[in-house]
Amino acid sequence: MTRKISPIKSLSGEIEIPGDKSLSHRGLILGGIAQGITHLENFLPSKDTLATEACMRLLGVSIEAPTPAARIIHGKGLDGLKEPDNILNAENSGTTLRLLLGLLSGQPFFSVLTGDESLRKRPMKRVVEPLSLMGGKISGRGNASLAPLCVQGGKLNEIKYRIPVASAQVKTALILAALQAEGETILEESAQTRDHTERLLSEMGGKIQFSDRKISVNPSPLKGINLYIPGDFSSAAFFLVAGLCVPHSKITLKRVGLNPTRTAFLKLLQRMGGDIRVISKTISAGNSFFEPEGDLVVSSSSLKAAEIFPEEVPNLIDELPIFAIAASQAEGVSKVTHAEELRVKETDRIRDLCLELRKMGVSIQELPDGFVIEGPSRLKGAEVFSHGDHRLAMAFTIGGLTADKETILNGSEVIDISFPNFFKLLDKLQ
Ligand code: S3P
């Protein structure tokens with residue numbers, strides 16, 4: 001699908017950011033293996049999370065959808081799932097595939113997991129290797145490093161393991177396996193990553209302890225909960241940069257998740273001189289008091305360039321494509337390094353970002369593990385391609401709002417992966 005994006009003069013108004021994608025996946029999976037009912041409010045019904053939902057249904061979990069953003073999950077308990085009678089298709093979603101590998105390794109049945117062309121190229125060894133150490137039996141292409149992957153589930157043993165890649169997906173897969181293992185599993189992260197699973201498991205009565213980069217998990221049953229899912233900070237990020245870079249703008253983003261393991265990008269934009277205020281910060285309502293959220297008010301600002309510290313990278317990895325747009329409008333040289341993970345996301349985000357942003361007149365240099373941008377530059381309206389990557393497509397759209405003339409975005413339908421009403425909300429602010 002092709003979208004034409006016209007430059008605009010200002011943005012104003014208030015929008016509610018849709019629910020967090022990571023929490024929506026986790027709510028479905030943990031709700032499915034809990035005992036009793038889990039209610040999800042402000043669930044994100046996007047292509048990725050709907051893939052997880054379809055997989056959980058194939059595993060025998062009954063899920064009601066009274067409204068598009070609500071789910072009622074009838075938990076089966078850890079020993080109530082059934083052998084799926086078809087292949088589990090994670091489509092484009094790395095979170096679905098990796099998390100389910102962890103869960104299914106401990107289930108007493110056979111399953112096969114696959115995904116779309118992009119997901120079938122993404123590295124799975126990072127999950128398969130530690131799961132094998134726990135006794136998991138996984139086979140597949142490339143010596144079990146690429147989907148499709150087959151899992152012959154069974155008994156798992158505990159492990160003590162340092163996770164070499166900074167990945168919340170790997171950590172969560174291991175936690176899901178650890179819930180079904182014999183004894184206590186102790187995990188250490190090489191860098192702290194998003195801790196939604198740990199927080200949610202605690203809320204659901206799981207035996208988990210976590211602080212900083214250490215997590216210990218004991219096999220334990222979970223209980224269903226009522227959960228309000230705050231807005232996705234990574235989705236809000238596109239509007240933060242739009243509000244900063246489109247002149248004469250002032251916008252309010254309501255109920256955005258502000259879990260400290262997700263908000264490094266907020267601090268970075270403020271460091272760049274971005275006028276973003278956090279108002280009415282609270283902890284999510286509902287029966288769960290576990291994730292902070294708040295309203296963000298953002299106004300147009302003159303930005304200065306920034307260098308991203310290596311330790312910040314894991315907590316803003318999904319925001320780097322939209323950071324590139326902010327950097328293109330900032331005075332000076334901005335630099336990202338230590339971000340080689342970007343090369344194994346939905347696409348090679350370093351290569352494709354550089355390729356497309358050059359068409360828009362951005363002075364961007366590709367590095368093996370990041371990029372360097374010299375700004376500010378007036379963006380040029382150009383014909384760009386999403387490369388099948390939702391975050392690239394949204395970043396190019398925001399860039400297009402500040403360009404000198406119309407931008408043509410090819411492959412815009414991919415935005416449905418994480419943010420189906422992105423264009424509707426953008427229209428509301430114009
Ligand atoms: C996610 C973890 C991150 C992130 C992805 C969602 C999650 O991936 O990039 O969008 O929900 O756990 P990695 O764990 O591969 O870093």
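Numbering of ligands and ligand atoms starts at 1, following listing order. Residues: numbered from 1 along the sequence shown.
Heavy atoms from other residues, nucleotides or ligands lying under 6.0 Å from CG of Asp427 number more than 12.
For residues 28-40, no pair satisfies side chain to side chain donor-acceptor pair (under 3.5 Å), with sequence neighbours left out. Among residue pairs with one or both ends in residues 162-175, those qualifying as side chain to side chain donor-acceptor pair (under 3.5 Å) are Arg26-Thr172, Thr95-Gln169, Arg98-Gln169, Lys171-Glu189, Lys171-Thr193, Lys171-Glu198, Thr172-Thr197; sequence neighbours excluded.
With sequence neighbours excluded, the residues satisfying ring-ring contact (aromatic ring centres under 6.0 Å, His included) with His387 are Phe385.
Listed as neighbours of ligand 1 are Ser22, Arg26, Thr95, Arg98, Ala166, Ser167, Ala168, Gln169, Arg194, Ile317, Asp318, Lys345, Arg391, each bearing a heavy atom under 4.0 Å from the ligand.
Side-chain contact between Leu429 and Phe239 is present, with at least one heavy-atom pair separated by less than 4.5 Å.
With 3.5 Å as the limit, one finds no donor-acceptor pair spanning the side chains of Asn315 and Thr261.
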